[in-house]
Each structure stands twice: as C-alpha cells, then as structure tokens.
Protein chains: 2
Amino acid sequence: MTAASNPTVSLSEFTYRRGSEIYGEKEPAEYIYQVKSGTVRSYKLLSDGRRQINAFHVPGDTFGLTNGGVHRFTTEAVTDTTVRLIRRESLDAVAGSDGTLTGSLLDMTTTNLRHAEDHMLLLGRKTSLERVAAFLIEMDRRLTAAGVLALPMSRRDIADYLGMTLEIVSRSLSHLRALGILGFIDNNQRHIVLLDRQQLTGFDRRN
Amino acid sequence: MTAASNPTVSLSEFTYRRGSEIYGEKEPAEYIYQVKSGTVRSYKLLSDGRRQINAFHVPGDTFGLTNGGVHRFTTEAVTDTTVRLIRRESLDAVAGSDGTLTGSLLDMTTTNLRHAEDHMLLLGRKTSLERVAAFLIEMDRRLTAAGVLALPMSRRDIADYLGMTLEIVSRSLSHLRALGILGFIDNNQRHIVLLDRQQLTGFDRRN
DNA sequence: CGGAAGATTGAGGTCGATCAAGCTACGTGG
DNA sequence: CCACGTAGCTTGATCGACCTCAATCTTCCG
C-alpha cells in the first residue's frame, strides 16, 4: 500500500478472534485496515435481523475506508484475523496536500464501487445456481492455493453474501458436485476442488 | 459516439430523445455528464436479456464517471433529456496536480458507492413491498415537486431497478393505495401522492 | 467420549414469476 | 372529433424457485 511508506502515517497491527467485531456500523472511523492474515466479513443488518454481507476481505485487501468519518458497515473476523491499522486522521492530514495519496484513496473506492456494481446485478437478477457459481469463481480467483479452494466462511455467511438461504447454498453446491463440476475434499466441506472451471463459468452468465 | 458528431457538443450540452442510448457498457469514457433536465437510466444486461438498473439520474446528478476510462454501464434517456458534457481528458490533465479536483472525483465516487451499498441490502434482503416503499421514498426525496411524485419511468424500469417483475411492482403499488398510504392522480398512473409518509417509511425497514 | 456447531437432505409452504386477459391513456389519421 | 392502434398498467390464475421447518449426519473440540 502506498500509505505504508509514508512516514507521517502511523502503522500498527492487531489480531481479532474468530467471530469478534472489528468495528460497528455508524461508529466513527478511526482506522483503515489491511488484512494481513484471515478473512473479514462486512455487512448491514435490518431491524429484524436479516443480514446482507456486502464483501469478504482476504489477505491483501484494504477495508474500512469511508468518506465522512462514519462506518457504513459492521465488520467481523470470519476466522482469526490479523490486520494492519492506519490512523484515519493521519490520512486526512496529508490528503489535501498530497495528490498521490488522494488518488490511491480514489482507486480503493473505485475498486469497492466496481465490486458493488457487479454484486447488484448478481443480487437483482441471477438465479441461485448462477450466484453460487459466481461466488466460487470469485473466491477461486482471490484465495485458491494449490488447486484447492479453502473457504473460510460458513454456508450461512455465503448465503447472506448471495442473498439466499444457507439451505439453497448447500443444495446448489451438492448439485454442482453431482454434475461433476466440483468435488469436496475428504472430511472438510469447506475444501473444494473446481474440476471444470469452463462449465462453472457457463453457469454464471456474466454479461 | 452519437454526441461526438453533433454540433451542440461544442456548447457542452446535448439533448437525447426518450429511449435513446447515451453510451454503452465497455465503450471508452470520453465524457462526464450532468443532467440538466430529464431522467437517465443506467444498467447492466445479462446475455439472455435480464436487466439490472443500478441507478436513475435526475436533474443535478452527475454520471458517467469511471476510473479506468471504460464505461461499466449502458445509459439511456428515460424521457427526453438534456445533459451537460465535460471532456474526461480535461479532468485527467489536472487530476494529478490538483488535489481539490481529485477530491471532488472522490466525493462523487463515494456518493455512488454509498448508494450501491444501500441498494445491495435492498436487492439481497428486502421483500417486494419493502422495495417499492423504499423506491417511493427515494424518488420522493429526489424529485417531488408540489406534493406530487411524478415518476418519469415505466413499471418495467422500476422493476428492473428493484430486482422484481413489473407485475409485482404494480400489485405492490395497488396494495399501498388500498391501504390509503398513497393515491394516484386522475388519469396518470405515474403521478402519485404520498398520503402517509410515516407508514410508508414503516414498510421500508431501513436498518 | 460427549456436546455443540455446522452441513446436508427431505417435505411442504409461500412469495414472487409467469402466462394471460382486459383496461386506460394517448397519439395518429380520417 | 372520433375511430383505431399501440404502449403501458392492472388484475387474475397458475406455476415454480426459493424459503421454512425439521431430522439426521459430520466435524470439531474440550
């Protein structure tokens, strides 16, 4: 990250336990975060408990950036997670004078926006099978190592990300497995092998 | 591009006929637009024709801003629409050196992002009645004059914005009217009076 | 080994989608 | 001014994808 090399920006690190909250919606935004290890979920709640996860953040991702100083999501550690912290005020201090830094804030915001735009299409118009296929492709791109996709999040988290129920997520995965498009690794339902990326991509009619 | 060949471009203004395309997805982004009069819809399509409208732009709104020089949506005039044009390259030229300008790009992008974030919650987790209620509240805020909400867009457009069908939009509106929460003005189904904003807000369980 | 959390699978219900018919508004031309 | 055509809206009937409820199974830990 650009900001990391700037001496006026203070850096520190913190580790959150699986399930613990990093910050809450509407809290003042003191820090910007970068995931060092682990996974973070970012979500909004309705008053009756319905939850929409808007993003998962994996190592390398930056999150918690907000214009206006107040967080618009709650974030929690999906697994034990270590993050780097950057004081927000130290960014503000230099933002006005340093065009390069403001530009990188713009880049980060644009990246978030592009993801949100794609996700709106998924949530508004795709079928459950298409959503799950799109999810697998996204996660495969972002966190596959050694040919195995190790999902850090539960079926419920996936469901709340894709705007469906955990049962339908499970059924969709079973269906894709039955079709020979993916396989589960022995004894862990979160370890997935994508056997046919071609066909999987076909299920996600992007564009 | 249509606008490029038109003489009114030199005046930095252009008028689009109802239904005509302003720019297409994946086209290079030459201009940024501001709505002077009329309404614009911005959308993505799936290969089989399913459409997700991500935003309606009304007078005063800026749209067409994209980092990377390529449009991520198709935009069309919902009604006859006049826009002001700003050459994109003229922004790029000063963006690096002028922190203030880059900051305003950041503000616009942040505004878009916030809207997209709220819309993800709507698309992923709200019921059809909640969606329509939220839509009416949003449009009431953005374009009501003289106590009457004059919707420029069709039921189909509304449906594609809210991730549902035009029939369900129509039924939801009829339902709200039956409850005495809104009324239609004589002889035009797109002129709506909000009789009970309090109760309408109750249907949209925001947060 | 025992309990809890998470995943799968089944059965049945429901909300919204689809298919279809009619209605209303509105523009066009006689 | 009216007949007519068309586009858009409403309403009804039926269908189906997804949700809900529930039972069972697996994994993971203490």
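In what follows, every chain begins at residue 1, and chains take the letters A, B, ... in the order their sequences are listed.
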Quick tally for nucleotides 11-25 of chain C: nucleotides whose base has a protein heavy atom under 4.0 Å get B, sugar-phosphate-only ones S, the rest -, giving B----SBBB-----S
- Message: Looking at B:T109 and A:T109, would you say the former's side chain and the latter's main chain have a donor-acceptor pair under 3.5 Å?
- Response: no
Does C:dA7 have its OP1 or OP2 closer than 4.0 Å to a side-chain nitrogen or oxygen of A:R190?
yes
The salt bridge (charged side-chain N to carboxylate O under 4.0 Å, His left out) partners of A:E21 (sequence neighbours excluded) come to none
For A:R142, the salt bridge (charged side-chain N to carboxylate O under 4.0 Å, His left out) test, sequence neighbours excluded, returns A:D61, A:E138
When rounded to whole Å, the CD1 to P distance for the pair A:I185 and C:dA7 reads 17 Å
| query | NA contact type, A:L173, heavy-atom cut-off 4.0 Å: base, sugar-phosphate, or nothing? | reply | nothing
Does A:R18 reach a base, just sugar-phosphate, or nothing at all? Heavy atoms under 4.0 Å. sugar-phosphate
Quick one: side chain to side chain contact (heavy atoms under 4.5 Å, CB included) partners of [X], sequence neighbours excluded?
X	value
B:Q34	B:T62, B:R84
A:E30	A:R87
B:H191	B:V148, B:A150, B:I185, B:N188

Across all chains, not counting sequence neighbours, the ring pair (Phe, Tyr, Trp, His ring centres under 6.0 Å) partners of B:F184 are none
Sorted by chain and residue number, the ring pair (Phe, Tyr, Trp, His ring centres under 6.0 Å) partners of B:H119 (sequence neighbours excluded) come out as B:H115, B:Y161
Residues passing the side chain to side chain donor-acceptor pair (under 3.5 Å) test with A:T79, sequence neighbours excluded, are none
Sorted by chain and residue number, the side chain to side chain donor-acceptor pair (under 3.5 Å) partners of A:R114 (sequence neighbours excluded) come out as none
Outer limits of DNA chain D sitting under 4.0 Å from a non-hydrogen atom of chain B, read 5' to 3', are D:dG8 to D:dA13
Bend of the helix from C:dC1-D:dG30 to C:dG30-D:dC1 from end-axis comparison, five pairs per end, nearest 10°, comes to 40°
